[in-house]
There are 2 protein chains.
Amino acid sequence: MNSNVIVRAPLHVQVAERLRLLIDSGELAPGTRLNENELCQNMGVSRTPLREAIRSLATEGLVELQPNRGAIVSVVSQDDVTEILPIMASLEGLGGRLAAVHMQTDQIKQIRQIHNQMVTHYQNNEVTEYFETNRLIHELITEGSGNQTLVDTINSLSAKVRRARFSAQMTRESWAKAVSEHEEMVTALEARDPDRLEVILIQHVETKRTTILGSLQRSE
Amino acid sequence: MNSNVIVRAPLHVQVAERLRLLIDSGELAPGTRLNENELCQNMGVSRTPLREAIRSLATEGLVELQPNRGAIVSVVSQDDVTEILPIMASLEGLGGRLAAVHMQTDQIKQIRQIHNQMVTHYQNNEVTEYFETNRLIHELITEGSGNQTLVDTINSLSAKVRRARFSAQMTRESWAKAVSEHEEMVTALEARDPDRLEVILIQHVETKRTTILGSLQRSE
DNA sequence: ATAACGTATTTTGTATGCAATATAAACCCG
DNA sequence: CGGGTTTATATTGCATACAAAATACGTTAT
């Protein structure tokens, strides 16, 4: 009786993960055609699991299927982002409201710590580290809702917005605003004030929206 | 130059649609194992497109993959529904808020008509027709938001709740409440009052939640 | 030179075949 | 007769092979 069974994930799942990574990192840029033979050779798998993976990514919305012409990495347009952000706002707001009630006190303390780190990164102008801690805080709050479906839904939307990669184009002003909103967020969380936290989170996404649209304006 | 090209959907897409129908109708009940050979013979296709379709449904969450053991129709638990409903509330609320601003006046008139039909079905105790018109109204309002991502997100969540099929267990009382809330909904829409419509929609889903949980209690 | 046509090549879509894993059945031994 | 082991069968996973469609290319005619 051996319970140390090695359950390696099916190939198509591994391939899907790898593709997701390639798309997320920008190595496969939006609009790129996915050539099956090429990818097969590259990954050392046959076309069957590769195609199954591509179908999965298609239902996730990461790639777009063109009948008889294969798949391309889906392009996230400005309109898409404009559609997604209000939804994220609602959902993050809901997540916060639930988190304010459900989270353990020590979890909230942990968020305060990470928040302090984030502020330091802001002061030191460490952009990458700032975004990473920022993302982590949002993730922890959402997870603090205790609602896994909510987490999944937000993640899938968030992935698309992130893929548009505007974030780097933050102005000093909007950055400061974002940080001060985060301060309010953590305070509301510590006070376990669901209504307040919800309002702040919704406002926070609104700030993000103007930032993104602003940077889109400038880059046109 | 012939523009009347017949673009028949790829097989795996057709198969996915058919499977979705079978699952939605309950013909493939939750927990059922999907036997590939059986389904292939049934549908007259080979295993390749069938498997691709199954992978798609898996990422949609309609089926669950069990490595080396195929796929089963995913079961929607009470916990799942408890998780999903608050999300639906937020999203339908958002949809209503946007619809109150974006919808054309004649579209609102159409909703009023359908609403009147729904009330008639309620009075005549025509359950099936009631649910159908009810669903249609919610769908039209959501679509009236003009936010396709929102529509898709709500639909995918809604499908899961519907699959749990509790709805038939409505009490006379909760049914009456639902109808009166619908009356308020249409009124708020005609008044183009986004805040009010949002509140009503959120409240409406809350009513649904208690109805469902109530019927779950009784059926245990 | 360029536009249009037809052919060659590439690429995707589907079917089939083989290997690996899981399930079911038969068998043996206590 | 029952528990456990072996053997057989069925089912999934992956790879390959063939068919159909799309793209690329070259040729011809204007």
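Chain A is the first sequence line, chain B the second, and so forth, proteins listed ahead of strands; every chain is numbered from 1. From a predicted model like this one, the values you see are computed outputs, not experimental measurements.
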Report the residues that fulfil ring pair (Phe, Tyr, Trp, His ring centres under 6.0 Å) with A:His115, sequence neighbours left out, ordered by chain and then residue number.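 Listed in chain order: nothing, the list is empty.
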Not counting sequence neighbours, list each pair that qualifies as a side-chain hydrogen bond (donor to acceptor under 3.5 Å, both in side chains) and has a residue in residues 87-100 of chain A.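 Non-adjacent pairs meeting side-chain hydrogen bond (donor to acceptor under 3.5 Å, both in side chains): A:Glu92-A:His138, A:Arg97-A:Glu198.
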[X] has an atom [atom1]; how far is it from atom [atom2] of [N], in whole Å?
X       : N      : atom1 : atom2 : value
A:Leu11 : C:dA19 : CG    : P     : 17 Å
B:Gln66 : D:dG13 : CD    : P     : 10 Å
B:Gln41 : D:dT11 : CD    : P     : 11 Å
B:His12 : C:dG13 : NE2   : C1'   : 9 Å

Looking at residues at least two apart in the chain, or sitting in another chain, which of them share a side chain to side chain contact (heavy atoms under 4.5 Å, CB included) with A:Asn125?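 Checked A:Asn125 against side chain to side chain contact (heavy atoms under 4.5 Å, CB included); matches are A:Arg172, A:Trp175.
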Considering residues at least two apart in sequence or located in another chain, which fulfil the side chain to side chain contact (heavy atoms under 4.5 Å, CB included) criterion with B:Ser74? B:Glu64, B:Arg163
Minimum-distance pair of heavy atoms, taken over all atoms of B:Ile137 and B:Met118: CD1-SD, 3.9 Å
Sidechain N-carboxylate O distance under 4.0 Å for A:Arg135, A:Glu132: yes
Any carboxylate oxygen within less than 4.0 angstrom of a Lys/Arg side-chain nitrogen, looking at A:Glu206 and A:Arg209?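 Answer for the salt bridge query: yes.
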Residues touching DNA chain D, which here means a heavy atom under 4.0 Å, drawn from residues 46-58 of chain A: A:Ser46, A:Arg47, A:Thr48, A:Pro49
Please tabulate the protein-to-nucleotide N/O contacts below 3.5 Å involving nucleotides 9-11 of chain C, giving atom names and distances.
| residue | atom | partner | partner atom | Å |
| --- | --- | --- | --- | --- |
| C:dT11 | OP1 | A:Asn35 | ND2 | 3.2 |

For A:Thr149 and A:Asp152, run side chain to side chain donor-acceptor pair (under 3.5 Å): C-alpha distance rounded to whole Å, both residues' side-chain angles, the deciding distance at 0.1 Å, then the answer. CA-CA 5 Å; A:Thr149 310; A:Asp152 295 343; 5.7 Å; no
